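A quick note: this is a predicted structure, and the numbers were derived from the prediction, not measured.
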Amino acid sequence: MQSDTLLSVIVPFYNVAGYLPQLLHSIEMQLIERVQVVLVCDGASDGSLELANHHIAASAMPQLYLLLSQQNAGVSVARNNGIKHATGDYIGFIDADDLMLPGYIQAVLDVIHKHQPDLIELGFKRFTDSGALNDAKPRYLHRSSGWLTKDKAVTEVFKVNQWFPWLRVYRKKMVSDFQFPAGIAFCEDVMAIPALYQAAERLYHLRLPLYGYREHQASASFNVKAEHQQQLQNFFTRLQQQQAYPSLRPLWRHILLFHLAYLLFKLQLDNKDLHSFPDKLDQHFKALIRRCWWLPHFSIRKKLQLAFAPYFFNKSRTKS
């Protein structure tokens, strides 16, 4: 791998043999010099590693790929492993069941060449069938394109609450120690990505749909286990007590806490094994509402649901 790599794209994968070839093809079709593709096999047992090896061997530019293999340790450790070995000035992420849409690499490199921002934000499309991608609606974090004013832009990002790692490309020197939390399998992005916004001073919004996000029942958002909920609740408590992100601006902390609280509330409703709303969580919600009832970013309905979480919890159980 040459030493003048501008962009490293990190792709962790685990048992995605049904999707990986399509993703690798979408990358190969636009791969050019000064780009590195870091593939990290997280202990896959379904032939995904063999598919990756085969793809690299057949590539027109195999020297632009770096294939790493580790024992199964989760997506956070795999991403961290990729970051450690990445040689690019900028780091991007792709999930192995998604797609790199046409123009991704050239558009990102153009921004890097012309502007050298700390953080680049991308547009994306959601899809279930790749055949419908052309007609899928483009989605963006901001209405404007180009340079962003940090305070306003970051507030908008916290309000939108979309922390997908693949929505950003960041300058590695900006946060050389950036890591995802090991052992976290749900919402690991919200526990990591805000750190990039704290560090970034120059934000650039590339308002083009450059990423294809595949929605399917096997994705993490459809499979939330009890231990994952507990990890999220622990992070919520640490964030509320300013142990997590201790220097985060109060407004951003309150917005993030509100989003997390509402997610935890919905997860409790969906947990059919739970017969009463947890007292500790109810206390946290009430304390949060007292602090941020004034925030204009959330509906009164959501604020009332959090303020009287046990009542709405019991009401949902009565209906079911």
Can you tell me if [X] has over 12 outside heavy atoms packed within less than 6.0 Å of its [atom1]?
X      : atom1 : answer
Lys84  : NZ    : no
His54  : NE2   : no
Phe308 : CZ    : no
Gln241 : CD    : yes
Arg291 : CZ    : no

What is the minimum heavy-atom distance between [X] and [Y], and which atoms define it?
X      : Y      : result
Ile56  : Pro62  : O-CB, 3.4 Å
Pro310 : Asp282 : CD-OD1, 3.3 Å
Val77  : Ala182 : CG2-CB, 3.8 Å
Ala107 : Leu210 : CB-CD1, 3.9 Å
His142 : Ala153 : CE1-O, 3.3 Å
Ser48  : Ala17  : OG-N, 3.2 Å

Under a 3.5 Å distance rule, please check whether [X] uses its side chain to pair with a backbone N or O of [Y] as donor and acceptor.
X      : Y      : value
Asn271 : Leu267 : no
His259 : Phe158 : yes
Asp118 : Glu201 : yes
Arg171 : Ala200 : no
Gln179 : Ile83  : no
Arg207 : Arg143 : yes
Lys303 : Ile289 : no
His205 : Ser144 : yes
Lys172 : Thr87  : no
Gln305 : Lys266 : no

Can you get from [X] to [Y] by hopping between Ile, Leu, Val, Met, Phe, Trp and Tyr side chains that sit under 4.5 Å apart?
X      : Y      : value
Tyr140 : Trp147 : no
Leu196 : Val160 : yes
Ile94  : Leu49  : yes
Trp163 : Ile255 : yes
Val37  : Leu101 : no

Kindly assign one of parallel, tilted or perpendicular to the pair [X] and [Y], based on the angle between their ring planes and the thresholds 30° and 60°.
X      : Y      : value
His254 : Trp294 : perpendicular
Phe93  : Tyr170 : parallel
Trp166 : Phe164 : parallel
His284 : Phe236 : perpendicular

Rounded distance (nearest 0.5 Å) linking atom [atom1] of [X] with atom [atom2] of [Y]:
X      : Y      : atom1 : atom2 : value
Leu133 : Thr128 : CG    : OG1   : 9.0 Å
Leu119 : Arg202 : CG    : CZ    : 12.0 Å
Gln229 : Cys187 : CD    : SG    : 10.5 Å
Tyr197 : Glu121 : OH    : CD    : 3.5 Å
Leu239 : Met191 : CG    : CE    : 10.0 Å
Gln36  : Thr5   : CD    : OG1   : 5.5 Å

Answer whether the closest heavy-atom distance between the side chains of [X] and [Y] falls below 4.5 Å.
X      : Y      : value
Val38  : Leu68  : yes
Tyr104 : Ser26  : no
Asp89  : Ile112 : no
Trp293 : Phe298 : no
Pro117 : Tyr90  : yes
Asp98  : Phe124 : no
Arg249 : Asp151 : yes
Lys302 : Phe265 : no

Determine, stepwise, if the pair Leu295 / Leu251 fulfils side chain to side chain contact (heavy atoms under 4.5 Å, CB included). CA-CA 9 Å; Leu295 282 179; Leu251 174 61; 3.4 Å; yes
Steps toward side chain to side chain contact (heavy atoms under 4.5 Å, CB included) verdict (Val40, Arg79): CA-CA 8 Å; Val40 187; Arg79 288 193 185 119; over 6 Å; no
Answer with yes or no whether the side chains of [Y] and [X] bring together a donor and an acceptor at under 3.5 Å.
X      : Y      : answer
Arg214 : Gln22  : yes
Asn72  : Tyr14  : no
Gln283 : Asp279 : no

Kindly indicate, with the supporting measurements, whether the criterion side chain to side chain contact (heavy atoms under 4.5 Å, CB included) is fulfilled by Met61 and Glu33. CA-CA 9 Å; Met61 291 180 284; Glu33 295 292 337; 4.1 Å; yes
What verdict does the side chain to side chain contact (heavy atoms under 4.5 Å, CB included) test give for Asp95 and Val16, after you've listed the backbone C-alpha separation in whole Å, the side-chain angles of each residue and the deciding distance to 0.1 Å? CA-CA 10 Å; Asp95 288 350; Val16 285; over 6 Å; no
The single option from Asn161, Leu288, Val190 passing side chain to side chain contact (heavy atoms under 4.5 Å, CB included) against Leu260: Val190
